[in-house]
Amino acid sequence: MNFSPALTLRTVRPLVQAAFRLVTGFLFACHGAASLFGVLGGAHGGGTVPILQWPSWWAAVIELAGGTLVALGLYTRTAAIICSGSMAYAYFNVHQPNALLPVDNGGEPAVLFCWTFLLIACLGPGAYAVGALLKRGTTTPADGAARVPTA
């Protein structure tokens, strides 16, 4: 049997991409849940962010909703772009004024999430996405006739 690393990686790519999307979205949603509901240690080590407080509450909503959508693979590209932008905003407005480099200003998570969501937006949801399942059930044939979803 001939073992080919390239063939093996190509074979597992859809699974790894789906796992990457799922884990990233879940971790991001956990940050939002912590800030909004005080679970998982709460916001910044305890409690919740005040409702409608700019930008903390809005960032938490983006984290929870965007992270959940990305994890599910639903409206993935749009959600990932919004999540990426919110982390870029967080980095440049919260972390970067304290020091130039992320290692000095505590902004590594914001930078990593920003670039990770940008990658997900470029690659798309990959396999095992809820969005793909929904599209599969509502696509129309080439002749334009409506297709009835099957169970």
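This chain uses plain numbering: 1 for the first residue, then up along the sequence.
The hydrophobic cluster containing Trp57, built from Ile/Leu/Val/Met/Phe/Trp/Tyr side-chain heavy atoms closer than 4.5 Å, also comprises Leu36, Phe37, Val39, Leu40, Val49, Ile51, Leu52, Trp54, Trp58, Val61, Leu64, Tyr89.
Taking the side chain as every heavy atom from C-beta outward, Thr68 and Phe26 never approach each other to under 4.5 Å. Contact check for Ser86 versus Glu63: no side-chain heavy atoms found under the 4.5 Å cut-off. No side-chain heavy atom of Val16 sits under 4.5 Å from any side-chain heavy atom of Leu9.
When atom types are taken as modelled, the side chain of Arg10 and the backbone of Pro5 share no donor-acceptor pair closer than 3.5 angstrom. Looking at Ser84, its side chain does come within 3.5 Å of a backbone N or O of Cys114 through a donor-acceptor pair. No donor-acceptor distance shorter than 3.5 angstrom exists from the side chain of Arg13 to the backbone of Thr8, with no hydrogens or angles considered.
Taken from CE in Met87 to CD1 in Ile82, the straight-line distance is 12.5 Å, to the nearest 0.5 Å.
His31 pairs by the ring-ring contact (aromatic ring centres under 6.0 Å, His included) definition with Phe113, not counting sequence neighbours. With sequence neighbours left out, Val130 forms a side chain to side chain contact (heavy atoms under 4.5 Å, CB included) with Leu72, Leu74, Leu134.
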Candidate pair Thr116 and Phe20, rule side-chain contact (heavy atoms from CB on, under 4.5 Å), full reasoning: CA-CA 9 Å; Thr116 299; Phe20 181 75; 3.4 Å; yes
Please walk me through it: do Val70 and Phe28 pass side-chain contact (heavy atoms from CB on, under 4.5 Å)? CA-CA 9 Å; Val70 168; Phe28 203 60; over 6 Å; no
Check against side-chain contact (heavy atoms from CB on, under 4.5 Å), Asn98 and Asp104: CA-CA 8 Å; Asn98 298 324; Asp104 293 328; over 6 Å; no
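Hydrophobic clustering of Ile, Leu, Val, Met, Phe, Trp and Tyr side chains at less than 4.5 Å, counting indirect connections, unites Leu123 with Ile120.
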